[in-house]
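The next block holds one structure in the form of structure tokens; read it before the comments.
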Amino acid sequence: MMRERLDRAWRIVATGLCFATFGIGGLLLRLVVFPLVRLATPDPARRSDRVKGIIRVTFRVFVSMMRRLGVLRLEVHGLDKLRREGLLIIANHPSLVDVVFLMSFVERADCIVKSSLARNPFTRGPVVAANFICNDSGAGLVDDCVASVRRGNNLIIFPEGSRTPVGAPLPLQRGAANVAVRGAFDITPVRIRCQPPMLTKGVPWYRVPPQRGHFVIEVCDDIPVAPFLEARSQALATRQLTDHLTEYFSKEIHRVAT
């Protein structure tokens with residue numbers, strides 16, 4: 001019992017240390033690293049690619065830090081399927097660190113971020129320097145996403161929009177399916193699960209689970225978009241694909257849970 005209490009207390013301290021490091025690191029990237037990259041790389045496209053590479057390395061270090069400090073365990077399957085260009089990667093979103101995991105695996109990763117992150121002093125640097133897509137771009141959001149994939153970036157989308165609370169239905173928005181239909185992109189699905197759940201929506205970071213969270217990330221076979229493009233209209237194709245994705249993620253997550 002005492003050992004379990006000490007382990008839990010350490011994981012609270014270690015989690016706080018990890019997030020403090022993440023915030024300070026983001027600030028240093030903004031104030032020191034990215035200005036140097038801007039000076040050394042005047043071409044915006046090349047600069048964006050370099051920044052994405054730096055973010056990938058720093059996220060890999062952060063993930064390694066969480067594992068070494070005993071905050072979590074991580075198991076990954078099918079990682080080779082992400083070693084391509086121009087992917088539309090769609091994943092479920094159970095925890096706060098899902099995007100960190102995926103961006104640490106994927107080269108030239110692009111993503112849709114909340115506009116508030118572009119105003120946060122700790123996250124503004126990476127968001128602006130990497131030219132990530134903000135979700136306040138209105139009608140041009142889908143066009144920006146399609147253009148990103150066509151440039152060879154690997155676009156990561158969480159169609160839930162935000163983390164889904166534990167045990168809640170999986171509500172998928174249509175944006176991800178809309179990008180797939182408009183761009184005629186096959187979908188690379190990624191299933192993320194964690195047992196026991198940690199860093200979930202509505203739960204403070206310091207409320208760690210009784211045992212270390214064990215994340216399992218599975219990169220699955222591509223979902224072809226061509227059958228859905230046979231619908232009468234793009235709107236219908238988007239709706240049908242969204243329904244398919246909702247059933248796909250809900251069924252698989254329920255299967256693993258049981």
Side-chain angles (χ1 to χ4, degrees), residues 78 81-82 87-103 105-106 109-117 132-146 148-149 153-194 197 199-203 215-258:
K81 297 172 186 174
L82 296 179
L87 297 177
L88 176 57
I89 301 167
I90 294 182
N92 62 306
H93 196 8
S95 85
L96 185 63
V97 289
D98 302 329
V99 68
V100 176
F101 288 142
L102 291 182
M103 293 189 71
F105 302 146
V106 177
D110 200 356
C111 63
I112 302 172
V113 300
K114 295 179 180 178
S115 57
S116 59
L117 294 179
F132 290 143
I133 302 168
C134 287
N135 64 358
D136 62 350
S137 54
L141 177 61
V142 173
D143 291 336
D144 291 342
C145 291
V146 171
S148 177
V149 177
N153 292 323
N154 294 313
L155 180 63
I156 300 169
I157 299 181
F158 298 100
E160 295 160 73
S162 65
R163 288 169 289 164
T164 297
V166 177
L170 200 66
L172 299 193
Q173 301 177 16
R174 294 184 182 179
N178 200 1
V179 173
V181 170
R182 291 269 293 274
F185 303 132
D186 291 342
I187 292 170
T188 302
V190 178
R191 293 197 299 260
I192 304 173
R193 356 183 249 282
C194 181
L199 300 174
T200 54
K201 188 172 185 177
V203 179
F215 282 86
V216 179
I217 299 178
E218 183 180 3
V219 185
C220 306
D221 294 333
D222 287 355
I223 298 174
V225 75
F228 299 94
L229 300 180
E230 297 174 1
R232 295 191 306 271
S233 66
Q234 285 190 346
L236 181 58
T238 298
R239 184 163 61 251
Q240 291 175 346
L241 181 53
T242 301
D243 291 343
H244 177 77
L245 292 173
T246 300
E247 181 181 2
Y248 177 90
F249 280 106
S250 299
K251 179 176 65 177
E252 292 299 329
I253 291 172
H254 175 72
R255 178 184 65 81
V256 172
T258 55

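Values in this document were obtained by computation on a predicted structure and should not be read as measured data. Positions are given from 1 along the sequence.
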### Query
Going from CG on Leu172 to CD1 on Ile157, what distance comes out if it is rounded to the nearest 0.5 angstrom?
11.5 Å
### Query
Picking from Ile89, Asp110, Ile112, Thr188, what satisfies side chain to side chain contact (heavy atoms under 4.5 Å, CB included) with Ile156?
Ile89
### Query
Once you round to the nearest 0.5 Å, how far does CG of Asp98 lie from CD of Glu160?
8.5 Å
### Task
Take Leu155 and Ile133 through the side chain to side chain contact (heavy atoms under 4.5 Å, CB included) test and state the conclusion after the steps.
CA-CA 10 Å; Leu155 180 63; Ile133 302 168; 4.2 Å; yes
### Query
Do the non-hydrogen side-chain atoms of Ile187 and Leu241 ever get within less than 4.5 Å of each other?
yes
### Task
Considering non-hydrogen atoms only, spot the tightest contact between Pro94 and Ile192 and give its length.
CG-O, 3.6 Å
### Message
Taking Asp144's backbone N and O only, do any of them form a donor-acceptor pair with Ser148's side chain (distance below 3.5 Å, no angle check)?
### Response
no
### Task
Please work out whether the ring planes of Phe158 and His93 are parallel, tilted or perpendicular, with thresholds of 30° and 60°.
parallel
### Query
Roughly how far, to the nearest 0.5 Å, is the CG atom of Asn92 from the CZ atom of Phe249?
6.0 Å
#### Entry: Interatomic spacing from CZ in Phe132 to SG in Cys134 - rounded to 0.5 Å
10.5 Å
### Query
Under 3.5 Å, is there a donor-acceptor pair between the side chain of Asp186 and the main chain of Val225?
yes
### Query
How many angstroms lie between CG in Asn154 and CE in Met103, if you round to the nearest 0.5 Å?
10.5 Å
### Task
Work out which heavy atom in Pro159 is nearest to a heavy atom in Ala91; give both atom names and the distance.
CD-O, 3.3 Å
### Summary
Nearest heavy-atom contact between Val146 and Phe185 is O-CZ, 3.8 Å
## Note on the structure
Of all heavy-atom pairs linking Asp222 and Pro189, the shortest is CA-CD, 4.1 Å
### Message
Assess whether a salt bridge exists between Lys81 and Asp221, defined as any Lys/Arg side-chain N lying under 4.0 Å from an Asp/Glu carboxylate O.
### Response
yes
### Message
Quick one, Asp243 with Thr246, criterion side chain to side chain donor-acceptor pair (under 3.5 Å). Give me CA distance, side-chain angles, the key distance, then yes/no.
### Response
CA-CA 5 Å; Asp243 291 343; Thr246 300; 5.3 Å; no
### Task
Could you check Arg182 against Asp143 for side chain to side chain contact (heavy atoms under 4.5 Å, CB included), going step by step and ending with a plain yes or no?
CA-CA 8 Å; Arg182 291 269 293 274; Asp143 291 336; 2.5 Å; yes
### Query
What is the distance from atom CD1 of Ile217 to atom CZ of Phe101, rounded to the nearest 0.5 Å?
5.5 Å
